[in-house]
There are 2 protein chains.
Amino acid sequence: MTGRRDDVRRALSTTDGFRSAQDIYADLRAAGSRIGLTTVYRALQVLSDSGEVDVLRTDEGEAVYRACRTDEHHHHLVCRVCGRTVEIEGPAVEKWAEAIGAEHGFRDVTHTVEVFGTCSNH
Amino acid sequence: MTGRRDDVRRALSTTDGFRSAQDIYADLRAAGSRIGLTTVYRALQVLSDSGEVDVLRTDEGEAVYRACRTDEHHHHLVCRVCGRTVEIEGPAVEKWAEAIGAEHGFRDVTHTVEVFGTCSNH
DNA sequence: CTATATGCAAAAAGTTTGCATCTCC
DNA sequence: GGAGATGCAAACTTTTTGCATATAG
């Protein structure tokens with residue numbers, strides 16, 4: 001029965017970009033699944049808690065999810081047209097954030113970085 | 001009557017951190033204003049369109065606003081305890097984002113960067 | 001049989017819209 | 001009087017919760 005979790009995981013894996021819970025729900029239903037929207041949300045919550053998927057917020061406030069290839073801390077370069085995503089690393093940014101924080105007397109510094117652009121297919 | 005817009009601007013200016021529309025509404029009402037929540041939202045929309053205030057989303061999906069001192073592109077270092085905010089610049093990050101985008105064939109690259117930490121008062 | 005997972009419907013929370021009223025010119 | 005601003009209530013969207021049912025072990 002926990003196959004539902006796998007359904008969600010699979011739906012996420014089949015695409016390259018970030019998808020919203022509603023997108024995933026629509027896809028699964030379109031594919032014939034009888035899954036409920038609630039279950040999609042619950043699965044996404046579990047998956048993101050366990051670090052299996054990454055979550056971020058669109059400017060419209062919608063949460064979007066993506067299956068990540070690595071557990072490491074990393075950032076994303078997202079195509080604003082098709083949602084295609086490239087996982088990127090930026091040692092320079094990590095250091096910069098740390099330094100900026102320290103400079104202003106902040107401790108336990110964390111950061112969020114997202115890069116958007118229009119990819120070569122558009 | 002457009003004094004309402006100024007009320008909102010003023011409510012934003014009196015604090016150092018990011019505030020939500022609901023916070024601002026509560027503050028103004030507490031201060032005796034008869035302003036409506038709708039008007040707060042409308043004022044914030046106008047102010048952010050004109051670039052007078054900065055908007056970002058919390059992890060919970062709530063929009064938070066802040067009066068910025070400069071029109072220039074910049075980022076924020078936010079205290080996760082008290083909300084105190086420092087405007088920061090990072091030429092290194094700007095260049096890095098551009099370079100990363102170009103490297104993967106992305107055009108019109110933009111980015112969002114937010115740094116969080118615990119400030120020296122905590 | 002018992003604990004967990006699921007789905008539906010309803011509830012929350014944040015934001016936007018419809019619309020009648022009010023204000024300034 | 002007319003254009004734009006305002007406030008209330010209702011609509012909308014996304015996400016969460018309550019609850020009864022179904023499933024696995």
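Per chain, numbering begins at 1; letters A, B, ... match sequence-line order.
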What N/O pairs connect the protein and nucleotides 16-20 of chain C at under 3.5 Å? Give each pair on its own line.
from, atom 1, to, atom 2, distance (Å)
dT17(C), O4, T38(B), OG1, 3.3

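- Distances were taken from every side-chain heavy atom of R5(A) (C-beta onward) to each of dT15(C), dA5(C), dT6(D); the shortest belongs to dA5(C).
- With sequence neighbours left out, R107(B) forms a side chain to side chain donor-acceptor pair (under 3.5 Å) with no residue at all.
- Going from atom CZ of R4(A) over to atom C1' of dA22(D) covers 12 Å, rounded to whole Å.
- Counting only residues at least two apart or in different chains, salt bridge (Lys or Arg N to Asp or Glu O under 4.0 Å) contacts with residues 50-63 of chain A comprise R9(A)-E52(A).
- In this structure, L44(A) CG and L12(A) CG are separated by 6.0 Å, a value rounded to the nearest 0.5 Å.
- Linking Ile, Leu, Val, Met, Phe, Trp and Tyr whenever their side-chain heavy atoms come within less than 4.5 Å leaves V78(A) and Y65(A) in two separate clusters.
- Hydrophobic clustering, with ILVMFWY side chains joined whenever heavy atoms are under 4.5 angstrom apart, groups I88(A) together with V115(B).
- Taking five base pairs at each end of the helix from dC1(C)-dG25(D) to dC25(C)-dG1(D), the local helix axes there meet at an angle of 10°, rounded to 10°.
- A search for side chain to side chain donor-acceptor pair (under 3.5 Å) contacts involving H122(B) returns nothing, not counting sequence neighbours.
- The hydrophobic cluster analysis finds V46(A) isolated: no Ile, Leu, Val, Met, Phe, Trp or Tyr side chain comes under 4.5 Å of it, directly or through other members.
- E62(B) has its CD atom 14 Å from the P atom of dT15(D), to the nearest Å.
- Applying the side chain to side chain donor-acceptor pair (under 3.5 Å) test to residues at least two apart or on different chains, none of the pairs has a partner in residues 95-106 of chain A.
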Step-by-step side chain to side chain contact (heavy atoms under 4.5 Å, CB included) determination, V55(A) to V64(A): CA-CA 6 Å; V55(A) 195; V64(A) 287; over 6 Å; no
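- When the ring-ring contact (aromatic ring centres under 6.0 Å, His included) test is applied to F18(B), the partners found at least two apart in sequence or on another chain are H76(B).
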Going by atom type alone, with no hydrogens or angles, which donor-acceptor pairs under 3.5 Å involve a side-chain atom of residues 22-29 of chain A and a protein atom two or more places apart or on another chain?
from, atom 1, to, atom 2, distance (Å)
Q22(A), NE2, Y41(A), OH, 3.2
D23(A), OD1, S20(A), OG, 3.4
D23(A), OD2, S20(A), N, 3.3
D23(A), OD2, S20(A), OG, 3.3
D27(A), OD2, R19(A), NH1, 3.3
D27(A), OD2, R19(A), NH2, 2.5
R29(A), NH1, R34(A), O, 3.4
R29(A), NH1, I35(A), O, 2.7

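- Of the residues in residues 47-56 of chain A, not one comes within less than 4.0 Å of DNA chain C through any heavy atom.
- Summary of the strand contacts: V64(B) and R29(A) both lie near DNA chain C, and taking for each the nucleotide with the nearest heavy atom, the more 5' one is attributed to R29(A).
- Annotation: proximity of residues 19-26 of chain B to DNA chain D (heavy atom, distance under 4.0 Å) is found for no residue.
- Between H111(A) and H75(A), the ring centre distance stays below 6.0 Å.
- Evaluation of the side chain to side chain donor-acceptor pair (under 3.5 Å) test over residues 78-91 of chain A, restricted to residues two or more places apart or in two chains, returns R66(A)-E87(A), R80(A)-T118(A), R80(A)-T110(B).
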